[in-house]
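Counting convention: from 1, in listed order, for ligands and their atoms alike.
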Amino acid sequence: MDAAEFRKRGKEMVDYVADYLEKIEKRQVFPDVEPGYLRPLIADCAPQDPESFEDVFKDIEKIIMPGVTHWHSPYFFAYFPSASSFPALLADMLCGGIGCVGFSWAASPACTELETVMLDWLGKMVNLPKEFLAEKDGQGGGVIQGSASEATLIALLAARTKIIRQVQSEKPELTEADIMGRLVAYASDQFCATLGTTSCCSFDKLLELGPICNKENIWMHIDAAYAGSAFICPEFRHLLNGVEFADSFNFNPHKWLLVNFDCSAMWVKKRSDLIGAFKLEPLYLQHHHQESGLVTDYRHWQIPLGRRFRSLKLWFVLRMYGVKGLQEHIRKHIRLSHQFEHLVLQDERFEICAEVVLGLVCFRLKGSNELNEALLKSINDAKKIHLVPCHLREKFVLRFAVCSRTVESTHIKFAWQHISQLATDLLKTWEHNHHQQ
Ligand SMILES: *Cc1c(COP(=O)(O)O)cnc(C)c1O
């Protein structure tokens, strides 16, 4: 494919994606395929001779789409949202076009510098304490990781290196292995200090945890993967109070801030803590600048060496939505989750299982776990909407997460009427089969 054909095909692909997203509601949210469906549909090995774009393109609807779960359908209420917006899609195209690998400042200065500034913008949007910002001469700063899981692992490794060095400076006779075996990581059954847990969006009390961590010289990492985006709204910012005690903080704009996957934002108060843990300087990666607020080599802030120009997505989205546009998006989702909550509360057969703070509603039929498992199965078998469950204190609970950028009140009403009808059908047969023992 040459540039001339790319121009033509690129426009066709943009049209295809725009059509897909514009009409996504008409597609069944969850696919009908069985495991292994795809292999028989394609060749056993890569073609020896090149194929045309048309050949590949026509297979999208034939082979790929039948096996796609449509995360951006307004009938998708599973997991947590996965962000998507047109500005982010365009930025990703540019990212692919530039195609740089920004492991050091010199490897592509714009890639590094835009990321540092975007993480400052984002940090200011959620009103992070100044220590977390890089600005011109700060000791902190932000970085884009691939996922919240990576951010947690990096915080753990940085904390480990930091404390080992500290102990060794006081007791030089101890080896790294002596110390390593005696380190302790404290966690709840949801792991580290979390704002908005995955199962039910509950919040740890940072104002209680934080001072203890500081007093005992324990690294505090905060995972706000989903909830973090909501802190751009002043009315939800109080949920982040106590972040001032943390060493590192992370949330995923790729969940709820309209920046397509992957974009997980992580900040540290002391960039030297991260760099200390990961710094590697083979000769071919060295250059004459010192690591500072002005020159950052992001390879020391992450596990991989290579990294994409992901800050373009943030830049496009933050500018083209503005803080106000993003606040509107968050507020709409939270309004819709409360709408669903109220519908559930009006039905005596159901109960709400956790306080609805943001865009997630945990609910169940009053009754056994088996009954609720059967309800979820009938919902997901019907494939009109898609939900996933969780366990809360041994109870099987259904999670209703407001996800799609284009979801509206009518979709919420439809989802509830559908669930309520399936519950009615289920309870009829259930009482017949299970109740009269
Ligand atoms: C979604 C989620 C994660 C995992 O996020 P990844 O970026 O996919 O690793 C971690 N923690 C919480 C609280 C989450 O909601």
Side-chain angles (χ1 to χ4, degrees), residues 69 71-72 76-84 88 92 115 119 122 126 142-158 185-206 209 219-232 236 239-240 242-243 246-268 301-304 307-308 310-311 313-314 317 330 333-334 337 353-362 386-392 397-404:
T69 301
W71 279 63
H72 304 291
F76 182 93
F77 302 105
Y79 314 103
F80 271 138
S82 173
S84 172
D92 243 354
E115 185 161 331
L119 272 282
L122 200 56
V126 297
V143 57
I144 299 175
Q145 305 285 357
S147 70
S149 319
E150 256 174 276
T152 302
L153 178 62
I154 283 161
L156 198 65
L157 296 174
Y186 295 90
S188 73
D189 62 356
Q190 316 274 324
F191 198 61
C192 60
T194 305
L195 298 178
T197 56
T198 313
S199 52
C200 66
C201 201
S202 60
F203 290 78
D204 277 325
K205 293 189 167 136
L206 298 186
L209 282 174
W219 181 296
M220 182 160 82
H221 175 70
I222 300 173
D223 172 357
Y226 164 70
S229 298
F231 307 151
I232 66 166
F236 299 112
L239 295 165
L240 185 57
V243 69
D247 297 281
S248 51
F249 171 68
N250 163 245
F251 84 90
N252 285 353
H254 71 229
K255 272 188 170 155
W256 207 9
L257 216 56
L258 299 178
V259 182
N260 287 57
F261 193 84
D262 53 343
C263 180
S264 183
M266 179 188 195
W267 290 265
V268 285
W301 298 53
Q302 61 172 16
I303 291 167
R307 54 200 338 273
R308 301 196 311 132
R310 288 178 292 209
S311 55
K313 291 185 286 197
L314 266 173
V317 169
I330 299 282
H333 274 195
I334 296 173
S337 73
C353 309
E355 189 192 348
V356 179
V357 183
L358 301 177
L360 176 70
V361 183
C362 290
H386 189 51
L387 310 185
V388 293
C390 70
H391 273 121
L392 295 180
V397 168
L398 282 68
R399 289 170 83 265
F400 184 92
V402 179
C403 287
S404 159

Minimum-distance protein heavy atom relative to atom 9 (O) of ligand 1: S149 OG, 2.5 Å

Any donor-acceptor N/O pair, R399 side chain to T198 backbone, under 3.5 Å: yes

Strictly under 4.0 Å, does any heavy atom of Q190 approach an atom of ligand 1? no

Tell me whether ligand 1 is touched by G196 - counting only heavy atoms on the residue side and a distance under 4.0 Å. yes

What do you reckon, does A148 have a nitrogen or oxygen under 3.5 Å from a nitrogen or oxygen of ligand 1? yes

Ligand-side contact atoms (ligand 1) for residue partner A225, heavy atom cut-off under 4.0 Å: 2 (C), 3 (C), 10 (C), 11 (N), 12 (C), 14 (C), 15 (O)

Got a donor-acceptor contact below 3.5 angstrom from the W267 side chain to the L119 backbone? yes

If the cut-off is 4.0 Å to any non-hydrogen atom of F80, which atoms of ligand 1 fall inside it? 15 (O)

May I ask you to check whether S147 and S264 show a side-chain donor-acceptor distance below 3.5 Å? no

To check your reading of the model: name the closest protein heavy atom to atom 8 (O) of ligand 1, its residue, and the distance in Å. S147 CB, 4.2 Å

Which distance, rounded to the nearest 0.5 Å, do you find between the OG of S229 and the CG of L122? 7.5 Å

Please list the nearest protein heavy atom to atom 10 (C) of ligand 1 with its residue and the distance rounded to 0.1 Å. D223 OD2, 3.4 Å

Pair F251 and W256, ring centroids less than 6.0 Å apart: no

If I apply the N/O under 3.5 Å rule, does N252 come out as touching ligand 1? yes

Among protein heavy atoms, which sits nearest to atom 15 (O) of ligand 1, and what does the distance come to when rounded to 0.1 Å? K255 NZ, 2.9 Å

Below 3.5 angstrom, do we get any N/O pair linking T198 and ligand 1? yes

In terms of the angle between their ring planes, are W71 and Y79 parallel, tilted or perpendicular, with boundaries placed at 30° and 60°? parallel

Between A88 and N260, the two heavy atoms sitting closest are CB-OD1, 3.3 Å

Quick one, L257 and V317 - any side-chain contact, counting heavy atoms below 4.5 Å? no

Atom indices of ligand 1, in the order listed, that fall short of 4.0 Å to a heavy atom of H254: 7 (O)

